[in-house]
Number of protein chains: 2
Amino acid sequence: MNDGGNMETRSQFVVDSLQCKIHLSEAQLPTHWYNLAVELPFSIPPPMHPYHERPVSADDFRWLWPAEYLDAELRAGQYANELRIEIPESVHQAYRRYRPTPLVRARGLEAYLDTRAEIYYKREDLNPGGSHKFNTAVAQAHYAAQEGVDTLVTDTGAGQWGTALALACSQFGMNAEIFMVRKSFDEKPYRRGLMKLLGATVLTSPSEATEIGRQVRREDPGSNGSLGIGMSEAIELVRTSPHRKLALGCMSYHAALHQTIIGLEVRAQLELIDRWPDVMIGCVGGGSNFVGFTAPFLFAAPSGRTMEFIAAEPEQIPCLTVGEYRYDWADYNRQTPRLAMYTLGSDFLPPPIHAGGLRYHAKNPVLSALVKHRIVGSRSYPQGDVFTAGQLFLRTEGILPAPESAHAVLAAIEVARDAGQKKNHRPVIVFCLSGHGYLDLQGYMDVLGHS
Amino acid sequence: MNDGGNMETRSQFVVDSLQCKIHLSEAQLPTHWYNLAVELPFSIPPPMHPYHERPVSADDFRWLWPAEYLDAELRAGQYANELRIEIPESVHQAYRRYRPTPLVRARGLEAYLDTRAEIYYKREDLNPGGSHKFNTAVAQAHYAAQEGVDTLVTDTGAGQWGTALALACSQFGMNAEIFMVRKSFDEKPYRRGLMKLLGATVLTSPSEATEIGRQVRREDPGSNGSLGIGMSEAIELVRTSPHRKLALGCMSYHAALHQTIIGLEVRAQLELIDRWPDVMIGCVGGGSNFVGFTAPFLFAAPSGRTMEFIAAEPEQIPCLTVGEYRYDWADYNRQTPRLAMYTLGSDFLPPPIHAGGLRYHAKNPVLSALVKHRIVGSRSYPQGDVFTAGQLFLRTEGILPAPESAHAVLAAIEVARDAGQKKNHRPVIVFCLSGHGYLDLQGYMDVLGHS
């Protein structure tokens with residue numbers, strides 16, 4: 001207020017006195033994804049064959065993934081050698097139906113916290129299916145449809161990824177077969193119902209439909225399942241049928257690439273109001289929303305400015321905060337390539353927390369490398385605090401965050417509260433509201449005791 | 001295509017080749033509500049005392065309603081004598097947090113129907129609480145808070161109104177006490193949970209908390225309840241306590257006035273793309289979203305153009321299509337003023353359809369008068385067709401409509417299909433998507449058989 005130049009005062013005025021939401025027009029929707037790999041100041045160790053000591057080749061996995069997907073994964077680090085990858089027209093057309101999503105100033109939350117910080121959130125909860133997942137689902141469905149795939153098979157936790165893929169498949173005239181982790185399958189009948197309304201086949205995982213599913217059930221009849229087990233079941237199903245291919249929501253470079261549409265929009269939106277983030281926050285399951293959200297900022301800080309990037313994870317699945325960085329499989333049954341990443345072990349069975357989208361043993365290799373090289377930091381949070389933060393966000397901003405996204409809300413609150421301690425510091429905090437929680441109310445009710 | 005002038009071609013190009021969503025900036029958010037009563041070419045019969053043969057005076061109901069509310073109701077027809085009523089600053093501030101809402105071209109639905117019509121929908125599902133209801137909840141909470149009310153009491157069906165009021169009360173530091181119709185209370189535990197997360201007290205109606213509730217339960221222990229019974233319970237509670245006042249979601253002129261923000265935005269949005277609606281469609285429970293959506297269009301058709309306004313209601317509660325136009329009470333227990341309106345009788349107990357927000361025996365007096373004078377038409381639809389239309393909208397547009405709003409979707413589909421019959425006719429159909437259905441999935445699953 002008393003230390004800003006003329007420019008600062010002007011933009012301050014625009015933000016403070018009027019604007020709550022920063023919109024981009026459809027014409028401002030980015031036409032390219034942001035190929036972060038080109039910018040990385042380190043290389044990412046190559047994906048290794050599941051059980052031979054050699055890097056994976058495309059031939060090893062043509063039966064599992066569409067060609068475009070394999071290309072992206074195997075060439076990560078030099079994918080097209082271009083910083084910008086053009087978004088195919090049919091995907092861009094689908095994006096235009098709902099994007100750009102607004103960036104919103106959290107005025108209600110700021111007032112409640114009485115903070116000096118400015119808090120902004122990117123509304124990926126407004127996407128079809130209710131989360132950021134549709135950004136990659138529609139791209140994966142496009143590439144699969146292009147090569148004549150009949151059915152995409154996948155695993156889902158809370159069901160946001162499953163919903164997004166079911167919707168994308170229905171729009172490209174393909175089938176979706178979805179292994180839904182049992183804990184979520186039982187707890188979220190409405191998510192299941194929504195996927196079925198979209199025409200998808202939904203199986204509880206571990207299921208009786210695969211050998212690995214039956215094996216897990218034999219060993220532990222009460223198994224809650226996990227994303228790793230669901231992925232193994234999906235892979236087994238694809239292996240037995242040439243017209244099926246696998247789709248993955250967050251563990252691939254491909255998925256993270258598609259999510260960079262988020263970060264590109266945020267960058268344009270912040271430019272409109274003359275802001276640069278001091279802190280960027282996202283929750284991490286596999287890590288795709290976090291990477292996509294932060295990618296265009298990670299190596300772009302104006303000279304002399306420091307930025308902090310915080311990946312928020314559950315205390316009970318402390319992959320980044322406690323796990324090891326090493327080669328590991330992405331699935332429980334060790335069928336995927338081995339990836340260099342933070343992991344709790346592919347046989348780690350996550351405790352039955354309600355944030356089903358975070359019940360995964362490892363993190364995306366790009367995110368893992370960013371954490372390993374200390375470009376991205378991580379924090380972990382206990383479930384009760386996370387749900388309380390989600391409830392506070394509902395009361396102050398009128399939006400119920402997904403339990404996953406509530407991790408990011410809590411981290412933002414923590415950072416904003418810390419900001420109050422430092423004089424003359426008004427940090428700009430931006431977080432990704434990756435999804436809404438209207439189909440996760442059972443978790444809120446169980447944890448917070450409102451039934 | 002071959003009959004448009006230059007102008008037509010230009011705007012056609014803009015719409016067809018690029019734009020899916022029509023946004024207004026926050027600076028374009030209307031500053032006034034639209035006082036339709038001033039424009040009506042007929043007068044609305046005055047509200048009558050519940051059991052004396054004289055018009056109601058403000059003194060009769062000061063115990064029940066905040067002063068601003070009473071003013072609006074009793075002066076309907078000449079409320080302020082002004083066509084534009086200024087939106088109080090604190091309400092406008094709340095609106096700016098989420099409004100203007102986008103108007104969206106239903107490209108997916110149009111493609112599926114292979115229709116010549118252009119279909120647009122106004123996304124009131126994006127409001128806090130998930131429906132148009134917050135537009136009036138926040139205004140009612142503002143006026144009540146201004147005169148020191150401690151607690152607002154109301155009834156809710158599907159829970160959209162209850163959620164909106166709970167949120168508005170929490171933002172103005174008031175309590176909300178909500179009688180939720182039993183059918184919905186039992187069927188929508190998540191709606192209930194959401195209201196509780198917002199700090200509201202939620203009672204099942206008929207309840208044990210009021211004399212009229214106990215009476216209904218004695219007479220019919222299995223009663224599903226109704227909005228009319230819930231309203232009677234809310235009124236009884238207010239009568240016994242001076243710090244409580246009543247809030248109503250749709251039956252008042254006040255509520256409809258606040259919803260005109262919808263129609264004003266739609267008008268500005270259609271102007272941006274050089275369109276004028278041929279057909280406007282909304283679902284009707286009490287009628288507030290319909291009136292607010294259509295108000296600025298009802299008497300504004302450019303000369304030589306005819307417009308059609310369609311109020312869509314459930315076949316099982318055929319108030320406008322089968323009911324009588326006469327004086328009746330708004331509540332089951334005959335405590336409210338008697339209003340001149342279409343009604344099935346204040347003792348009509350609506351069958352337990354899933355569109356809980358439409359389970360009401362009567363219609364807003366303004367809407368009723370518009371139908372009586374044949375300015376607005378009505379159509380009624382069976383539940384199965386309504387849910388099927390909702391599912392189709394989910395698959396083609398990626399949004400699950402509330403069962404209430406799905407009535408409007410079905411009417412729009414019907415009109416678009418009829419348009420296919422007429423050559424050289426490309427009607428512009430605009431409907432109000434009044435709310436989302438993510439908390440109504442049980443109904444979809446029950447009716448469409450996906451469990």
Side-chain angles (χ1 to χ4, degrees), chain A residues 18-27 93-94 96-100 102 104-105 107-108 123 126-130 134 164 166-168 170-171 189-199 202 387 390-391 394-400 436-442 444-445 448-451, chain B residues 18-27 93-94 96-100 102 104-105 107-108 123 126-130 134 164 166-168 170-171 189-199 202 387 390-391 394-400 436-442 444-445 448-451:
Chain A
L18 187 66
Q19 207 160 21
C20 298
K21 307 175 297 300
I22 300 103
H23 272 297
L24 299 176
S25 71
E26 272 177 48
Q93 217 165 45
R96 286 204 299 272
R97 302 275 301 280
Y98 62 99
R99 303 200 70 88
V104 179
R105 174 95 181 254
R107 294 193 176 275
R123 291 206 61 185
L126 296 183
N127 296 335
F134 194 66
L167 187 56
S170 95
Q171 296 194 349
Y190 294 167
R191 264 290 169 204
R192 217 194 315 147
L194 187 55
M195 289 185 269
K196 288 187 178 180
L197 282 176
L198 285 163
V202 187
F387 277 91
Q391 181 181 30
L394 170 66
R395 291 191 182 190
T396 55
E397 294 293 317
I399 305 162
L400 186 72
H436 69 64
Y438 296 111
L439 296 174
D440 306 286
L441 272 156
Q442 192 65 51
Y444 275 95
M445 288 154 69
L448 300 177
H450 301 273
S451 58
Chain B
L18 185 67
Q19 205 162 20
C20 299
K21 307 174 297 301
I22 301 104
H23 271 296
L24 299 176
S25 71
E26 272 178 48
Q93 217 165 47
R96 286 204 299 271
R97 302 275 301 281
Y98 61 98
R99 305 200 68 90
V104 180
R105 175 96 182 254
R107 294 193 176 275
R123 291 207 60 185
L126 296 181
N127 296 334
F134 195 66
L167 188 55
S170 96
Q171 296 194 348
Y190 293 170
R191 265 289 170 202
R192 217 193 316 148
L194 187 55
M195 289 185 268
K196 288 187 177 180
L197 283 176
L198 285 164
V202 187
F387 276 91
Q391 181 182 29
L394 169 67
R395 291 192 183 190
T396 55
E397 293 294 316
I399 304 163
L400 186 71
H436 70 65
Y438 297 110
L439 297 174
D440 305 286
L441 273 156
Q442 191 64 54
Y444 275 95
M445 289 153 67
L448 300 178
H450 301 273
S451 57

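Proteins get letters first, then strands, A, B, ... in listed order; numbering begins at 1 in each.
When each of Thr396(A), Leu126(A), Val104(A) is scored by its heavy-atom pairs under 4.5 Å with chain B, the top score falls to Thr396(A). By number of non-hydrogen pairs under 4.5 angstrom with chain B, the leading residue of Gly108(A), Gly390(A), Gly129(A) is Gly108(A).
Arg97(B) places a side-chain heavy atom less than 4.5 Å from the side chain of Glu397(A).
For the pair Arg96(A) and Cys20(B), the tightest heavy-atom approach, listed with the atom from each and the gap, is O-CB, 3.6 Å. Nearest heavy atom pair, residue Tyr190(B) against residue Tyr438(A), reads CD1-O, 4.5 Å.
With a 4.5 angstrom heavy-atom cutoff, Leu400(B) touches chain A only via side-chain atoms. Leu439(B) touches chain A through its side chain: at least one heavy atom from C-beta onward sits under 4.5 Å away, while N, CA, C and O do not.
Using a 30° and 60° split on the angle between ring planes, His436(A) and His436(B) fall in the parallel class, below 30°.
A donor-acceptor distance shorter than 3.5 angstrom exists from the side chain of Arg395(A) to the backbone of Leu197(B), with no hydrogens or angles considered. In this structure, Lys21(B) contributes its side chain and Ser25(A) its backbone to no donor-acceptor pair below 3.5 Å.
A search for side-chain contact (heavy atoms from CB on, under 4.5 Å) contacts involving Gln171(B) returns Phe134(B), Leu167(B), not counting sequence neighbours.
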